[in-house]
Structure formats: structure tokens, C-alpha cells
A.B. asks: 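Structure provided below as C-alpha cells; questions to follow.
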Protein chains: 2
Amino acid sequence: MTQISASSENPAERRSKTRIQKENETRILLAALEVFSENGFRGATLDRIAATAKMSKPNLLYYFKNKEEIHVALLTDLLDVWLAPLREISPHGEPADEIGSYIRRKLESSRQFPRESRLFANEMLAGAPHIGDFLQSELKQLVDEKAAIFQGWIDEGRLAPCDPRHLLFAIWSTTQHYADFSVQVRHVLGLQPGDVSYYEEAVSMLETLFLGRLVPPASTD
Amino acid sequence: MTQISASSENPAERRSKTRIQKENETRILLAALEVFSENGFRGATLDRIAATAKMSKPNLLYYFKNKEEIHVALLTDLLDVWLAPLREISPHGEPADEIGSYIRRKLESSRQFPRESRLFANEMLAGAPHIGDFLQSELKQLVDEKAAIFQGWIDEGRLAPCDPRHLLFAIWSTTQHYADFSVQVRHVLGLQPGDVSYYEEAVSMLETLFLGRLVPPASTD
DNA sequence: AAGAGATTTGACCAAACGGTAAAAATGATA
DNA sequence: TATCATTTTTACCGTTTGGTCAAATCTCTT
């Protein structure tokens with residue numbers, strides 16, 4: 001009798017994953033992240049991903065049925081990483097604390113996951129063909145929610161009057177810039193390719209910028 | 001990949017250009033801007049550029065000898081546009097005026113040339129293979145020069161203490177974000193594809209952010 | 001109107017591309 | 001160790017890609 005296995009054709013979707021399966025999927029996704037984040041979806045090739053993963057192309061396609069499936073897998077993982085820092089913003093904290101720690105979380109995310117950030121940036125530049133729905137629904141909803149918190153603080157005079165959603169844009173852009181444009185940052189600062197020492201200066205700059213006086217002096221009533 | 005340089009084989013570089021030549025080069029560069037800015041260098045294809053320019057591929061290659069030459073032509077034009085707003089910063093004006101008008105110039109540039117901005121962003125994400133030299137020499141030099149102006153203002157107490165070069169990074173990222181991530185901006189704000197009405201809110205936000213209190217109240221002595 | 005030069009096109013090429021089929025090799029298990 | 005499922009490889013396919021070539025057409029000048 002033949003063993004009944006999970007319905008899907010792809011080994012990645014069987015009941016339980018083999019050791020080899022887990023290892024290889026990790027290797028592939030890591031290699032794909034490298035290639036997609038540098039060249040975008042269209043600019044990436046399966047040959048390059050396979051070469052980076054030190055694996056033959058057919059073997060790679062044994063684990064993911066096509067190029068797009070790899071890309072989708074990466075983006076799916078990415079979106080959680082992307083949203084996590086935003087989710088943590090609480091209406092109960094002090095505006096300066098909440099915004100300050102959000103900036104630090106985003107900067108830390110940029111430093112730890114620069115390729116993920118560039119993958120996201122590439123998807124945006126291409127017009128978000130794969131995650132347009134996510135932007136319109138999940139992200140928009142979360143932004144509206146957090147913007148309401150900011151608006152509350154503004155109404156209470158604890159935050160300078162501004163458009164909360166544009167404040168978020170400003171935080172996103174300044175923090176992600178250090179991952180997405182790291183080449184430019186390094187060249188302008190005269191640093192070596194691998195050097196990411198500028199992140200400390202970045203924290204300082206962004207705290208000055210966003211907290212220096214954007215948030216009025218705390219009034220403990 | 002080769003850095004920007006001028007070569008000498010195609011009709012584009014003969015003594016004087018024909019009417020047809022000028023027209024077609026413009027058409028090609030416009031089409032190429034569209035395609036390169038969306039998909040990056042590797043993701044763009046000559047077929048798509050030719051189709052967008054409503055021209056046969058061999059005809060396109062009659063004007064530019066290969067894919068790279070088109071890309072280089074675009075980048076060369078771009079760099080002037082990119083630097084122009086920065087060049088205008090003067091040591092003689094008031095910090096608030098200079099920074100404020102720089103932000104407005106950069107935002108205006110984002111609104112007028114979003115594809116150029118995305119072209120630049122794509123080149124950065126790919127690791128700046130074509131304009132690495134520019135970043136290290138011309139841009140770095142100009143940044144150092146303008147950073148010195150900022151530092152002067154800081155020393156005089158006319159600008160909050162901060163790293164001037166990171167202040168520039170913050171201005172670049174926030175302003176370019178509206179071109180590079182316009183899809184995200186529109187989706188989050190719930191706007192239609194073509195709508196760029198958010199630029200007015202952007203000016204307001206960024207002036208609040210950078211001038212609200214980053215620059216101390218003017219002391220007219 | 002004719003000739004010369006500029007422009008355009010269709011036919012083509014080799015390499016790279018995304019992907020498939022089937023056999024061979026390996027691993028797990030009894 | 002025999003067996004069976006899993007994994008890997010070899011050989012391949014059709015399409016797309018960057019680019020060439022020579023012939024055909026068009027444009028401008030005289």
C-alpha cells in the first residue's frame with residue numbers, strides 16, 4: 001500500500017519536514033533574499049539564486065515550484081518583520097518614549113535586516129505588484145489605528161500638531177534609508193563596505209530630529 | 001560594470017544632430033526612464049524599452065549601442081538634477097530659510113521627477129555599480145562642503161547640535177520617500193493611483209519636523 | 001528628379017532564461 | 001541488508017534576451 005501523504009505536490013507542504021528539507025529551504029531563502037534584494041524580482045534569476053545557494057537549479061525547483069513562489073515566501077516572512085515595530089506602539093506611554101523607542105526599533109531592524117529592507121524597497125519601486133493588497137488592507141488598518149493614537153496625543157497637546165500618517169512616513173523613510181541607501185551613506189561618510197558604525201550617529205540624529213522639540217516638554221499633571 | 005564615460009561610435013555623438021535624431025533619442029530616454037525606474041537595470045529589457053518607445057529594437061540600438069549606454073545616459077542626466085537642490089544651499093542665509101527652502105526644492109524635485117528618483121533608488125539598491133565613483137568623489141565633496149556650513153551654524157548656536165551629514169540623510173530620505181514609495185503612500189492614505197495631492201501635507205509635515213524646533217528661535221543681533 | 005546619407009526593418013544568432021522529465025543517487029527504516 | 005521514499009543530477013525544452021547584419025526605405029539637398 002502506498003503511504004498517504006499531504007495533498008500538495010510541493011515537498012515544502014508535506015505534513016512534516018525532513019531535516020534535509022528544512023536545511024535546503026533555509027539555504028534557498030537566504031540565497032534568494034540576497035539576490036532579490038539586490039536586483040528586484042525581474043532582475044533576479046533562478047541560476048543566480050541556485051548558484052548562491054550552492055545547489056543545482058532543478059534541485060532548487062524541487063523545493064519551490066517556481067520563481068514567484070520563492071519571492072512570495074520571502075515577502076510573507078518579511079511583512080511580519082516590517083509590522084512588528086509598529087505594532088508595539090502603545091497609547092498608554094509617553095509620546096516621547098513611544099516615538100523614541102519606535103525609532104530605535106526601526107533602526108535596529110534596518111541594521112539587523114538590511115536585505116529584507118531592500119527587498120521591501122524593491123517591491124515598492126516596482127509598484128508593489130505582489131503586496132498591494134497588504135498595503136491597502138493590513139498596513140492601512142494598522143496605520144489608521146496608530147495614527148489615531150498620535151492624533152489623541154496631539155489633541156491633548158502632548159505632541160506637536162502634524163499629520164500623524166506623514167509623521168509615520170518620516171520615521172519609516174529616515175530609518176529605512178540606512179539600510180536601503182547604505183552604499184550612499186558609506187560612500188559619503190568615507191566608510192568601508194562592511195562598516196555599519198554609522199548607526200550610532202543615526203540614532204542620535206533621529207532622536208534629535210523627532211524628539212528634540214517635536215514633542216513638547218512633558219507636562220506631568 | 002563600467003563607470004560613466006563617453007564613447008564614440010553611434011549617431012548620437014556625431015557633430016550635429018538631426019531633427020529625427022533628437023526626437024528619437026528623447027523618445028528612447030523617456031521610455032528607458034519608465035522601464036529602468038520600475039525594474040532596475042537588470043530587470044529592464046531592451047524589448048520593453050523599444051515597445052514603450054514605439055520603436056523596433058534594432059532601431060533603438062541604432063541610437064544607443066547597448067543597454068548600458070542608455071542607462072548611463074539616464075544616470076548622467078539624473079545626477080545634475082539630483083545635485084541641483086543641494087548646490088543652492090548658501091552659508092549666508094538664515095539656517096531656517098536655507099534648510100526650509102532646501103526641503104521644498106527636494107520635495108518639488110520628487111514631485112516633478114518621481115521616475116528619476118526611483119531610477120536613483122534602484123541604482124542604490126543594486127549597490128551603485130554605475131555611480132559609485134560619483135558618490136565617493138563629487139557627491140562626497142559637495143556634502144562635505146555643505147556639512148561645513150551646517151557645522152558653522154551649529155557652532156554659532158543657530159542650529160541644534162547634530163551631525164550635519166546625517167541631517168542631510170534625513171532630508172534626502174524623507175523627501176525622496178514620496179517619490180520612491182509613492183505606492184505605499186497612496187495605499188496607506190487611500191488615494192487613487194495618479195493622485196499626488198499628498199505633497200502639500202508633506203511640505204507641512206517636513207517643515208514642522210525640521211524647522212519646528214530643530215532650528216532655535218532666530219536671534220536677530 | 002537624383003543621389004547620398006540617414007533611418008528603419010526583418011531575419012537572424014548565441015547565450016541566458018524559467019522550467020520539465022526521468023533516471024540516478026542517497027537516506028531512512030524495518 | 002533489502003526496500004522504499006526522498007533527494008539530486010543530467011539532459012533537455014521552448015522562450016526571452018541582448019545584440020548583429022544587410023537590405024530596404026526614407027529624408028534631405030542639389
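Side chains included, hydrogens not; waters and symmetry mates left out as well; all remaining heavy atoms used. Labels below follow one simple rule: chain letters A, B, ... track the order of the sequence lines, proteins then strands, and each chain is numbered from 1.
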A.B. asks: Nearest to the side chain of B:Tyr62 - C:dA6, D:dG19, D:dT7?
C.D. replies: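 Output: C:dA6.
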A.B. asks: Starting from the first five and the last five pairs of the helix from C:dA1-D:dT30 to C:dA30-D:dT1, work out the angle between the resulting helix axes, to 10 degrees.
C.D. replies: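 Axis-to-axis angle, ends of the helix: 20°.
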A.B. asks: Let me have the donor-acceptor pairs involving side chains of residues 76-86 of chain A, under 3.5 Å, with sequence neighbours excluded, atom names and distances please.
C.D. replies:
unit_1: A:Thr76; atom_1: OG1; unit_2: A:Val72; atom_2: O; d: 2.7

A.B. asks: For B:Ser197, which residues count as a side chain to side chain contact (heavy atoms under 4.5 Å, CB included) partner, sequence neighbours excluded?
C.D. replies: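 Once residues adjacent in sequence are excluded, the partners of B:Ser197 under the side chain to side chain contact (heavy atoms under 4.5 Å, CB included) criterion are B:Leu191, B:Asp195.
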A.B. asks: Under 4.0 Å between a side-chain nitrogen and a carboxylate oxygen: does that hold for B:Arg19 and B:Glu25?
C.D. replies: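 So B:Arg19 does not pair with B:Glu25 through a salt bridge.
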A.B. asks: Return each pair, listed once, that meets side chain to side chain donor-acceptor pair (under 3.5 Å) where at least one residue sits in residues 141-150 of chain A; pairs must be two or more places apart or across chains.
C.D. replies: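 Qualifying pairs: A:Lys140-A:Asp144.
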A.B. asks: Measure from CG on A:Asn24 to C1' on D:dT6 and round the result to the nearest Å.
C.D. replies: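 Result: 11 Å.
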A.B. asks: Got a sec, which pairs hit salt bridge (charged side-chain N to carboxylate O under 4.0 Å, His left out) with one end in residues 198-207 of chain B, sequence neighbours left out?
C.D. replies: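 Qualifying pairs: B:Arg104-B:Glu207.
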A.B. asks: Between B:Arg42 (side chain) and A:Asn39 (backbone), is there a donor-acceptor pair under 3.5 Å?
C.D. replies: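 Flag not set: sc B:Arg42 to bb A:Asn39 has no pair under 3.5 Å.
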A.B. asks: What I want to check is whether an N or O donor and acceptor connect the side chain of A:Lys57 with the base of C:dG18 at under 3.5 Å.
C.D. replies: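 Answer is yes: a donor-acceptor pair is held.
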A.B. asks: If I take atom CG in residue B:Leu61 and atom P in nucleotide C:dA11, what distance separates them, rounded to the nearest angstrom?
C.D. replies: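 Between P of C:dA11 and CG of B:Leu61: 18 Å.
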A.B. asks: Taking only residues two or more places apart in sequence, or in another chain, which ones meet B:Ser137 in a side chain to side chain contact (heavy atoms under 4.5 Å, CB included)?
C.D. replies: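 Expected list: none.
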A.B. asks: I need a per-nucleotide contact map over nucleotides 22-30 of chain C, read 5' to 3'. Cutoff is protein heavy atoms under 4.0 Å; write B for the base, S for backbone only, - otherwise.
C.D. replies: -----SS--
A.B. asks: Counting only N and O atoms by type, is there a donor-acceptor contact under 3.5 Å from the side chain of B:Glu69 to the main-chain atoms of B:Lys65?
C.D. replies: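 Yes; judged by distance alone, with no hydrogens or angles, the pair exists.
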A.B. asks: Which listed nucleotide (D:dT9, C:dA6, D:dG19) is nearest to the side chain of A:Asn59?
C.D. replies: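 Selected nucleotide: D:dT9.
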A.B. asks: Among C:dG19, C:dT7, D:dT6, which nucleotide sits nearest the side chain of B:Gln21?
C.D. replies: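 Closest nucleotide to the B:Gln21 side chain: C:dT7.
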A.B. asks: Expressed as a whole number of angstroms, how long is the span from B:Leu60:CG to D:dG18:P?
C.D. replies: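 B:Leu60 atom CG is separated from D:dG18 atom P by 11 Å.
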A.B. asks: Side-chain contact test, heavy atoms from C-beta onward, threshold under 4.5 Å: evaluate it for A:Val35 versus A:Thr45 and give yes or no.
C.D. replies: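 Result no, sub-4.5 Å side-chain heavy-atom pair not found.
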A.B. asks: Compute the centroid of each ring, for A:His71 and then for A:Phe64, and state whether the two points are separated by less than 6.0 Å.
C.D. replies: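 Between A:His71 and A:Phe64, the centre distance exceeds or equals 6.0 Å.
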A.B. asks: Between the protein and nucleotides 22-25 of chain D, which nitrogen or oxygen pairs come in under 3.5 angstrom?
C.D. replies:
none

A.B. asks: Given the structure, check if the side chain of B:Lys67 and the base of D:dG19 hold any donor-acceptor pair shorter than 3.5 Å.
C.D. replies: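 Looking at the base of D:dG19, it does not pair with any donor or acceptor on the side chain of B:Lys67 (distance under 3.5 Å).
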A.B. asks: For B:Ala126, give me all partners under side chain to side chain contact (heavy atoms under 4.5 Å, CB included), at least two apart in sequence or on another chain.
C.D. replies: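 Applying side chain to side chain contact (heavy atoms under 4.5 Å, CB included) to B:Ala126 gives B:Pro129.
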A.B. asks: Residues of residues 30-56 of chain A with any non-hydrogen atom less than 4.0 angstrom from an atom of DNA chain D: list those, numerically ordered, please.
C.D. replies: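 Of all residues in residues 30-56 of chain A, the ones placing a heavy atom under 4.0 Å from DNA chain D are A:Arg42, A:Ser56.
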A.B. asks: Using whole Å, report how far CD1 of A:Ile28 lies from C1' of D:dT7.
C.D. replies: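 Whole-Å distance recorded here is 12 Å.
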A.B. asks: Can you tell me the distance, in whole Å, between the CD atom of A:Glu68 and the P atom of C:dG19?
C.D. replies: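 Distance check: A:Glu68 CD to C:dG19 P gives 9 Å.
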A.B. asks: Can you see which heavy atom on A:Leu159 is nearest to which on A:Leu167, and at what distance?
C.D. replies: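 Heavy atoms only, the tightest pair is CD2-CD2, 4.4 Å.
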A.B. asks: Does any pair with a residue in residues 126-137 of chain A pass salt bridge (charged side-chain N to carboxylate O under 4.0 Å, His left out), and if so which ones, sequence neighbours excluded?
C.D. replies: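 Every candidate salt bridge (charged side-chain N to carboxylate O under 4.0 Å, His left out) pair involving residues 126-137 of chain A fails, so no pair, neighbours aside, qualifies.
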A.B. asks: Return a table of donor-acceptor pairs under 3.5 angstrom between the side chains of residues 110-120 of chain A and protein atoms on other chains or two or more places apart.
C.D. replies:
unit_1: A:Ser110; atom_1: OG; unit_2: A:Thr175; atom_2: O; d: 2.9
unit_1: A:Arg111; atom_1: NH2; unit_2: A:Glu108; atom_2: OE1; d: 3.0
unit_1: A:Gln112; atom_1: NE2; unit_2: A:Glu108; atom_2: OE2; d: 3.1
unit_1: A:Arg115; atom_1: NH1; unit_2: A:Glu34; atom_2: OE1; d: 2.7
unit_1: A:Ser117; atom_1: OG; unit_2: A:Asp180; atom_2: OD1; d: 2.7
unit_1: A:Arg118; atom_1: NH1; unit_2: A:Ala179; atom_2: O; d: 2.8
unit_1: A:Arg118; atom_1: NH1; unit_2: A:Ser182; atom_2: OG; d: 3.4

A.B. asks: What's the CD-C1' distance between A:Glu69 and C:dG18, to the nearest Å?
C.D. replies: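 Interatomic distance, CD of A:Glu69 to C1' of C:dG18: 14 Å.
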